[in-house]
Amino acid sequence: MLEEDLKKLYFKKGVDIDVMEHDIFLLSKEYKKIELKLGEAVDKELTEKELKFLETELEKIDTKLKDISVKKADYLEYSIESQIMIFEYSYLMYLISE
C-alpha cells in the first residue's frame, strides 16, 4: 500500500498522520529556537540554573519528537515507500561489504 493510502486508512480509524508530521515540524522549530537561546545564554554567562532550565526544555522536546516519530514510523512501516527504502539500504550495505 502506498503511504498516502495508509494515511487515509489510518485517518478513518482516528489516527491523523498529517497532524503528526505537523507536530514534528512545530517541535523541531521550537527545538531550534531553544538551542539558539541556550547558545546566547552561554555567551551571556547566565547562571547554571538558567542553563539547566533550557537544557531540560530541550530534553522534553526531544523526547516528544522521538515519541511522535516512532509512532509515525510504526504506522507507515508497511508502506511501499518504506519497503523500498529498506531494500535500498540493504542493497547499499551489500555493495559496501563486497
For L2 versus S79, what's the shortest heavy-atom pair and its separation?
C-CB, 4.3 Å

Heavy atoms only: give me the nearest M20-V15 pair and the separation to one decimal.
CE-CG1, 4.0 Å

Please list all pairs meeting ring pair (Phe, Tyr, Trp, His ring centres under 6.0 Å) that have one or both residues in residues 66-86, counting only residues at least two apart or in different chains.
Y10-Y75

To the nearest 0.5 Å, tell me how far I68 CD1 sits from L26 CG.
9.5 Å

Could I get the full list of salt bridge (charged side-chain N to carboxylate O under 4.0 Å, His left out) partners for K72, not counting sequence neighbours?
E21

Any chance you could measure I17, atom CD1, to K8, atom NZ, to the nearest 0.5 Å?
12.5 Å

Could I get the full list of salt bridge (charged side-chain N to carboxylate O under 4.0 Å, His left out) partners for D18, not counting sequence neighbours?
K7

For residues 85-98, please give each side-chain donor-acceptor pair under 3.5 Å, one per line with the distance, not counting sequence neighbours.
unit_1	atom_1	unit_2	atom_2	d
S90	OG	I86	O	2.9
S97	OG	M93	O	3.0
S97	OG	Y94	O	3.1

Give every donor-acceptor pair under 3.5 Å between a side-chain atom in residues 30-38 and any protein atom, sequence neighbours left out.
none

Check whether any side-chain heavy atom of L76 sits under 4.5 Å from a side-chain heavy atom of E81, and report yes or no.
no

Just list the side-chain donor-acceptor pairs under 3.5 Å for residues 53-65, sequence neighbours left out, or say none.
unit_1	atom_1	unit_2	atom_2	d
T56	OG1	K52	O	2.8
D62	OD2	K66	NZ	3.2
T63	OG1	E59	O	2.9

